Each structure stands twice: as C-alpha cells, then as structure tokens.
> 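The structure that follows is given in the form of structure tokens.
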Amino acid sequence: MMAGAPVVPVFIVRQPDGISHVIEIFEEILSNGTGDRNADALVNTARYPKSHRRDGPKYPTMALDA
C-alpha cells in the first residue's frame with residue numbers, strides 16, 4: 001500500500017479431473033492513499049474481500065469467509 005501498487009485479484013481453481021487448474025485474473029483494485037497509513041490500511045484491506053465475494057458464488061467450496 002505504501003508503494004501505491006494496485007492489488008490484482010487472482011483465483012486458481014482446481015478442475016474436477018484433480019490435475020488441471022484454471023487461473024482467473026480480475027480487474028485491479030487501486031489503493032486509497034490519503035497519507036494516513038492506519039486509515040488507508042483499514043480502507044484498502046476492507047475492499048479486498050469484496051472482490052472475493054463477487055466471485056465466491058461461482059466457487060462455493062472455495063469460500064474463505066462463510
């Protein structure tokens with residue numbers, strides 16, 4: 001966050017054959033930088049699970065937050 005680098009959500013999903021995987025790369029999440037490190041960390045960290053929840057129904061067995 002301090003560098004201002006975006007976070008790129010990536011999901012690696014094992015396929016039913018148990019051998020192959022599909023990698024899905026989603027739109028970057030830009031960091032919020034106000035200069036207040038603690039506030040920025042809270043705001044930015046809260047935004048990351050939204051990306052996971054957006055795609056969670058697609059892979060219900062891989063959900064991290066029930």
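Residue numbers start at 1 and run along the sequence shown. Values in this document were obtained by computation on a predicted structure and should not be read as measured data.
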> Could you state whether I25 and I12 fall into the same hydrophobic cluster, counting links through intermediate Ile, Leu, Val, Met, Phe, Trp or Tyr residues with side-chain heavy atoms under 4.5 angstrom apart?
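Yes, because I25 and I12 connect within a single hydrophobic cluster, where side-chain heavy atoms sit under 4.5 Å apart.
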
> If the condition is side chain to side chain contact (heavy atoms under 4.5 Å, CB included), which residues does P16 pass it with, not counting sequence neighbours?
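Once residues adjacent in sequence are excluded, P16 has no partner under the side chain to side chain contact (heavy atoms under 4.5 Å, CB included) criterion.
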
> Which pair of non-hydrogen atoms, one from P6 and one from E28, has the smallest distance, and what is that distance?
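Result for this residue pair: CG-OE1, 3.5 Å.
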
> If every non-hydrogen atom of H21 is compared with every non-hydrogen atom of R14, which pair is closest and at what distance?
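Shortest heavy-atom contact: CD2-CA, 3.5 Å.
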
> Going by side-chain hydrogen bond (donor to acceptor under 3.5 Å, both in side chains), name the residues that satisfy it together with D17, two or more places apart in sequence or in a different chain.
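By the side-chain hydrogen bond (donor to acceptor under 3.5 Å, both in side chains) rule, D17 matches S20.
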
> Would you say the side chain of S31 lies within less than 4.5 Å of the side chain of D40, judging by non-hydrogen atoms?
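Sidechains of S31 and D40: no contact.
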
